[in-house]
Structures are given as structure tokens and as C-alpha cells.
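Okay, so here's the structure we're looking at.
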Amino acid sequence: MQIKYGFKKEWFQFTRTFRLCGVLIAILSFAIADPLMYWGMSVLMNSLFTAGSVAGSPSDIMTETAALFDDAGIVFSLTMTDLCATSLLIIMLVLMSPCGGEQKKRATIIPSCAGLDHFSYLLPKYVLYPGTVFATAFIACCITGGLCNIMFTSGTIGVGMLMLASLMCAVYMTFFTVVYMSIGLCTSRPGVVTVLMYIGVSIVQLILTSLDLTKFHPLTLRSLVTGEMFTGYFVLADNIASILVGIALSVVIGVMMFILTLTVQKGTKINNQVDKPEF
């Protein structure tokens, strides 16, 4: 019964504010706008290429650039880069309140006093918000792949590869959301966590790349869908083990973060009174 009311609380908080629309817009807008933007750039580059051909021999740079913006796989990977970076930043900003901000504002006092335990308070958060991110990201990636295949003539993405890339992107974004939510709920500092997460992921990925540790971890999912996966030399058979391990670790770490957050929440006392001097 407590879990039911916990879901009801989070659902009302999610849907009766801008948060649900914010998550949907943050993901779907880039998934649709990016292919359209690159298609417009492709049309412009082809026009310049045609004009250059009329005036004389077009430069190698112009030829390579025109081919770059007419490749469905490259445009798809560029869109995935925006989804795995900018979209996640917007999602973190939108979800600051349920991911620790409400504790700082003492908005959990009344539910706690009404008998809502920590497990029933946290479980709906870890189901509703990451679940919405996963479903929306998967659908958005499929939409992006379809648009890329329709609008661009070369580098067509196969259905199987598109489904796999959509799953990988959705799992990574969900993993990122769970980690952000856990740290925010443990520290009650979602604003600081947003900055650290956004900058920290790039730094960690840079360090792992410099150490040649690019496989068998959750960040592998991001690095593949934003680049290597849609190049001519990518071999799925050589990377499938790394992908499966990355997905499995994302799930395991997500569960561990939930357990850690539950433990921290049980040991945290929310003070509803402003500290006053003794005399």
C-alpha cells in the first residue's frame, strides 16, 4: 500500500509539473531536429559543391564535407552525441527536485510523518524516472534512425544495427540517470551533482581512453554509438562481448546505487527546524 502511494506521489509530481514534458522535449527534440539540421547542411553543401563544379574543379575539402553530411550513419552518431550529452544535461536540470532537491526543501516531512518508509519513497523514483528516460530514448533513437535512412542517400543503417544502437543509447542514458539520482539523493545537492556529472563523465572517458580501457564498462555503450559503431571498419562480432558486459554492468551498478541510496536514506535524519542558539 505504501508503494502504491509512493508511485502516486511521484506520478503527480512528474506529470503535474513541467518535468515529464521537459524529459520528453529534451530527448525527442534533438532526435528530430538534429537529422533535419544536418539534412539542411547537406543540401547547402551539395549546392556549393554543384556551384564549385560549374566554376571549376571542387576542392577535396568541399568534396569530403559534402560526403560527410550525406551519410546516414555519421548523422545518426552525431545525433547520439547530443542525446548522450546535451539531453542528459537538460534531464538533470529538470529532475533536480525529485533527485535530492525536495529533501533540501524539506518536502519529504509530510510523507514521512504519514508513514511512507524509505523503500516505498525510493522505489517509485527508480522505476518512474529512469523508466521514462529509457523508453523515450529508445523511441527517439528509432525515430532518428528512420529519419536518417529517409533523408540521406549513403551509409544506410540496418534494422538490426539500429535496434542495437537504440538499446545501447537507452541503457546508457538510464544508467547515467540512475547514478545522478543516487548521488543527488545521497547528498541533497542536485545542483552540484549536475555540474560534476556533466564534466566528470567527459574527464573519466578521456582518462579511460588514454589508458586504452575503452571496453567492458558502461561508457563503452556511449563511445560506440557516438562514433565507432557507424564507421566502415566496425565489426559487431568483435565488440558484442564488450556491449553485453557494458549493459550487464549498467544494470548491476544501477541496483547497487539503489541499495546504497536506501542505506544512506535510512541513516539520514531530516531536520524540520532551523537550528537556533542554545541561549
Side-chain angles (χ1 to χ4, degrees), residues 27 30-31 34 71-88 91 126-127 129-146 148-149 154-183 197-261:
I27 299 176
F30 286 101
D34 275 19
D71 189 288
I74 292 177
V75 172
F76 183 83
S77 65
L78 292 173
T79 305
M80 295 302 100
T81 301
D82 274 341
L83 288 180
C84 293
T86 310
S87 290
L88 284 174
I91 290 172
Y126 280 83
V127 172
Y129 300 117
T132 301
V133 171
F134 177 87
T136 308
F138 185 84
I139 294 172
C141 292
C142 293
I143 293 174
T144 300
C148 290
N149 285 338
S154 62
T156 303
I157 308 169
V159 176
M161 189 65 73
L162 175 59
M163 292 294 104
L164 178 60
S166 300
L167 176 63
M168 291 167 60
C169 183
V171 169
Y172 171 76
M173 294 183 68
T174 305
F175 164 77
F176 189 96
T177 304
V178 169
V179 174
Y180 164 71
M181 180 182 300
S182 299
I183 300 176
M197 285 286 293
Y198 186 73
I199 300 176
V201 168
S202 299
I203 296 176
V204 170
Q205 189 169 24
L206 182 62
I207 294 174
L208 292 176
T209 302
S210 64
L211 297 175
D212 198 24
L213 301 175
T214 58
K215 295 185 177 181
F216 301 104
H217 53 76
L219 291 182
T220 302
L221 307 177
R222 170 177 173 168
S223 61
L224 288 178
V225 298
T226 59
E228 182 183 348
M229 198 168 181
F230 300 97
T231 57
Y233 55 84
F234 178 77
V235 180
L236 180 59
D238 296 338
N239 294 274
I240 189 64
S242 179
I243 293 173
L244 293 177
V245 171
I247 294 175
L249 281 179
S250 298
V251 176
V252 172
I253 294 175
V255 174
M256 293 175 62
M257 295 301 291
F258 173 77
I259 296 174
L260 173 64
T261 307

Using modelled atom types and a 3.5 Å cut-off, is there a donor and acceptor pairing between side-chain atoms of Thr220 and backbone atoms of Thr214?
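Side chain of Thr220 to backbone of Thr214: a pair is present.
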Does Ser242 reach the main-chain N or O of Phe216 with its side chain, forming a donor-acceptor pair under 3.5 Å?
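Side chain of Ser242 to backbone of Phe216, a donor-acceptor pair under 3.5 Å: yes, one is there.
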Does a side-chain heavy-atom distance below 4.5 Å link [X] with [Y]?
X: Met80; Y: Met229; value: no
X: Tyr172; Y: Leu219; value: yes
X: Tyr180; Y: Ile91; value: no

When rounded to the nearest 0.5 angstrom, what is the spacing between [atom1] in [X] and [atom2] in [Y]?
X: Tyr129; Y: Thr174; atom1: OH; atom2: OG1; result: 15.0 Å
X: Leu88; Y: Phe175; atom1: CG; atom2: CZ; result: 11.5 Å
X: Leu244; Y: Ile240; atom1: CG; atom2: CD1; result: 4.5 Å
X: Ser202; Y: Ile207; atom1: OG; atom2: CD1; result: 11.0 Å
X: Phe258; Y: Met181; atom1: CZ; atom2: CE; result: 11.0 Å
X: Ser223; Y: Leu221; atom1: OG; atom2: CG; result: 7.5 Å

Which heavy atom of [X] sits nearest a heavy atom of [Y], and at what distance?
X: Leu83; Y: Ala31; value: CD2-N, 4.3 Å
X: Val201; Y: Arg222; value: CG1-NH1, 3.1 Å
X: Ile157; Y: Ala72; value: CD1-O, 3.9 Å
X: Leu162; Y: Cys141; value: CD1-O, 3.7 Å
X: Leu224; Y: Asn239; value: CD2-OD1, 4.3 Å
X: Lys215; Y: His217; value: O-CD2, 3.1 Å

According to the interplanar angle, ranging from 0 to 90°, do the rings of Phe134 and Phe138 count as parallel (below 30°), tilted (30 to 60°) or perpendicular (above 60°)?
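Ring orientation, 0 to 90° scale: parallel.
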Should Thr144 and Cys148 be marked as a side chain to side chain contact (heavy atoms under 4.5 Å, CB included) after you check the CA-CA gap, both sets of side-chain angles, and the distance that decides it?
CA-CA 6 Å; Thr144 300; Cys148 290; 4.1 Å; yes
Test log, rule side chain to side chain contact (heavy atoms under 4.5 Å, CB included), inputs Ile243 and Leu236:
CA-CA 9 Å; Ile243 293 173; Leu236 180 59; 4.1 Å; yes
Apply side chain to side chain contact (heavy atoms under 4.5 Å, CB included) to residues Val178 and Ser182 and explain how you reach the verdict.
CA-CA 6 Å; Val178 169; Ser182 299; 4.2 Å; yes
